[in-house]
Structures are given as structure tokens and as C-alpha cells.
Amino acid sequence: MNDLVNLAKQHVETRYGGDWLDAILHPQAGPGATSDQGGQAPWEADEWTLTFEYSKNPLPLNGSRGGHQHHSRLVKAVRVVAKREARWAGIPALGRCQVHLTWYVLSAGRRDPVNLSATLKALQDGLVDAGVVVDDTPDLMNTIMPAIVRVDRMKHTTAWMELIVRRWEGPGA
């Protein structure tokens with residue numbers, strides 16, 4: 001039973017940070033939130049972090065990708081996962097957003113961040129599918145160059161990707 005509680009705690013802390021019990025018992029709590037809903041507007045998030053358990057880049061630009069049907073299935077799978085995670089995180093329709101993909105890796109091998117662009121594109125399409133924005137055009141979705149960060153192997157057992165989605169006022173704002 002203790003292992004199950006620890007697993008739930010780790011899962012919630014990884015997704016949301018902060019106190020795991022508060023996140024479970026009071027999911028809407030945040031700065032400015034009130035329990036009686038009187039007088040003060042409920043807190044609205046401006047940033048969401050979606051975590052994907054990809055130890056390898058699922059859609060690399062270089063190397064063999066198999067046939068076009070296999071590649072299409074992989075793209076669809078990444079889109080579906082992004083859509084599910086966005087809905088699970090409760091991201092509302094934003095109108096405009098900014099996205100940033102970070103791949104946390106364990107080894108020091110050379111990697112090119114541009115090689116993540118096909119994966120990022122599929123994740124962006126998943127956000128569109130989830131209704132976060134109506135399209136992933138540059139005026140509605142500002143895309144920051146993907147990053148690759150090496151993490152300590154003593155603290156982490158596998159690589160993962162995080163997509164940060166932020167509210168964005170748009171160009172010229």
C-alpha cells in the first residue's frame with residue numbers, strides 16, 4: 001500500500017509540482033482561489049507542462065523511418081497522446097499559445113535539437129486536436145526552438161520529453 005501511495009505522490013508531483021496531497025484534494029486551488037467563491041475570481045493557470053515518456057525521439061528526421069504508412073501511424077500516435085495529455089491537464093481553449101519542447105536525456109551523446117521538429121509538429125497538431133488553439137500557424141502558436149538537456153543518471157532512470165504550453169498574447173502585444 002505504501003508503494004502505491006508513493007507512486008501516486010511521484011506521479012502528481014512530476015506533473016504538477018508542489019504538494020501532491022493538495023493537488024489531489026484541491027485541484028482548483030492556487031493563488032487567488034477562494035473556497036467560498038465569493039468576491040474573488042478563481043485562479044487561472046498561464047502555463048502547463050505535458051510530460052511524455054519518450055526515451056527516444058519517436059519521429060526522427062534522419063535515419064530510417066520505415067514506409068510512409070508506418071510513419072503516418074507514428075505521427076498519429078504522437079498526436080493522440082498529445083491530445084489526451086492536453087485534455088488531462090485541463091488546458092482550456094487559449095486562442096494563442098507558446099510551446100517549448102525539452103527532451104531530457106541520460107547520455108552525453110551528440111544530438112541535434114532540430115531533429116526534434118517532426119515530433120514537435122505532431123505534438124502541436126495534438127494541441128490543435130484537443131482544442132487548445134484552432135490552428136498551429138505562427139500567429140496563433142509561437143514555437144520556441146526545442147532543447148535537449150542532459151540529466152543525472154543517478155537521479156533518473158529513463159529519458160523523457162516535456163512540452164510547456166503557455167498563454168501568449170500574440171505578435172506585437
J.: Roughly how far apart are N142 CG and E169 CD, rounded to 0.5 Å?
T.: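 Answer for the CG-CD pair, N142 versus E169, is 12.0 Å.
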J.: Can you confirm whether H70 sits close enough to V75 that some side-chain heavy atom of one is under 4.5 Å from a side-chain heavy atom of the other?
T.: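 The answer is no, as the side chains (C-beta and beyond) never meet within the 4.5 Å cut-off.
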J.: Any idea which heavy atoms bring P146 and P113 closest together, and the distance?
T.: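 Smallest interatomic distance, heavy atoms only, reads O-CB, 3.3 Å.
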J.: The criterion is salt bridge (charged side-chain N to carboxylate O under 4.0 Å, His left out); which residues satisfy it with D129, sequence neighbours excluded?
T.: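 With neighbours one apart ignored, the set is R79.
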J.: Is there a path of hydrophobic side-chain contacts, each under 4.5 Å between heavy atoms, that joins V105 and Y54?
T.: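 Yes, it is one cluster - the side chains of V105 and Y54 are joined through contacts under 4.5 Å.
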J.: Kindly compute the distance separating CG (L101) from CD (E162), expressed to the nearest 0.5 Å.
T.: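 So the CG of L101 and the CD of E162 are separated by 9.5 Å.
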J.: Please report the interatomic distance NZ(K56) to CH2(W103), rounded to the nearest 0.5 Å.
T.: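 If I round to the nearest 0.5 Å, the distance is 9.0 Å.
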J.: Atom OG1 of T102 and atom CE of M161: how far apart are they, to the nearest 0.5 Å?
T.: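 Going from the OG1 atom of T102 to the CE atom of M161 covers 10.0 Å.
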J.: Can you confirm whether the side chains of T137 and D139 place a donor and an acceptor under 3.5 Å from each other?
T.: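 Note: T137 and D139 side chains meet the donor-acceptor criterion.
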J.: From E85 CD over to I91 CD1, what is the distance, rounded to the nearest 0.5 angstrom?
T.: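 That separation rounds to 9.5 Å.
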J.: Looking only at non-hydrogen atoms, find the nearest pair between A147 and H100 and report the distance.
T.: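 For A147 versus H100, the nearest heavy atoms are CB-NE2, 4.0 Å.
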J.: Are S117 and L61 close enough that some pair of their side-chain heavy atoms sits under 4.5 Å apart?
T.: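 Yes - at least one pair of side-chain heavy atoms lies under 4.5 Å apart.
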J.: Give the cluster check for L74 versus L123: same hydrophobic cluster or not, with ILVMFWY residues linked at side-chain heavy-atom distances below 4.5 Å.
T.: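 They do share one cluster, since a chain of ILVMFWY contacts under 4.5 Å joins L74 to L123.
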J.: Decide, yes or no, whether a salt bridge links K121 with D136 under the criterion of side-chain N to carboxylate O below 4.0 Å.
T.: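 Salt bridge flag = yes for D136 with K121.
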J.: Using side-chain heavy atoms (C-beta onward) and a distance below 4.5 Å, is F52 in contact with V81?
T.: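 Answer yes - side chains close enough.
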J.: For R167, enumerate each residue passing the salt bridge (charged side-chain N to carboxylate O under 4.0 Å, His left out) test, keeping only those at least two apart in sequence or located in another chain.
T.: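 Testing R167 for salt bridge (charged side-chain N to carboxylate O under 4.0 Å, His left out), a comparison that skips the adjacent residues, returns E44, D46.
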J.: Are H71 and L59 close enough that some pair of their side-chain heavy atoms sits under 4.5 Å apart?
T.: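 In contact.
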J.: What's the separation between atom CG in L127 and atom SG in C97, rounded to the nearest 0.5 Å?
T.: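 SG of C97 is found 6.0 Å from CG of L127.
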J.: Give the intermediate values and the outcome of side chain to side chain contact (heavy atoms under 4.5 Å, CB included) for residues L120 and L163.
T.: CA-CA 9 Å; L120 177 57; L163 183 69; 3.9 Å; yes
J.: Looking just at side-chain N and O atoms, do T143 and Q124 make a donor-acceptor pair shorter than 3.5 Å?
T.: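 Q124 and T143 do have a side-chain donor-acceptor pair below 3.5 Å.
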J.: State, with a plain yes or no, whether a side-chain heavy atom of W48 is found less than 4.5 Å away from one of L94.
T.: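 A side-chain contact exists here, since the closest heavy-atom pair is under 4.5 Å.
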J.: For a side chain to side chain contact (heavy atoms under 4.5 Å, CB included) check, start with the C-alpha distance between V114 and M145, then their side-chain angles and the critical distance, and finish with the verdict.
T.: CA-CA 8 Å; V114 175; M145 177 72 171; 3.1 Å; yes
J.: For the residue pair N115 and P60, what are the closest heavy atoms and their distance?
T.: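 Nearest pair, atom of N115 first, then P60: OD1-C, 3.6 Å.
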J.: Could you list the cluster mates of Y104? Members are the ILVMFWY residues connected by side-chain heavy atoms closer than 4.5 Å, either directly or through other members.
T.: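 L106, V149, V151, W160, listed by chain and number.
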J.: What I'd like to find out is whether the side chain of V134 reaches to under 4.5 Å of the side chain of V128, using heavy atoms alone.
T.: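 No - every pair of side-chain heavy atoms lies 4.5 Å or more apart.
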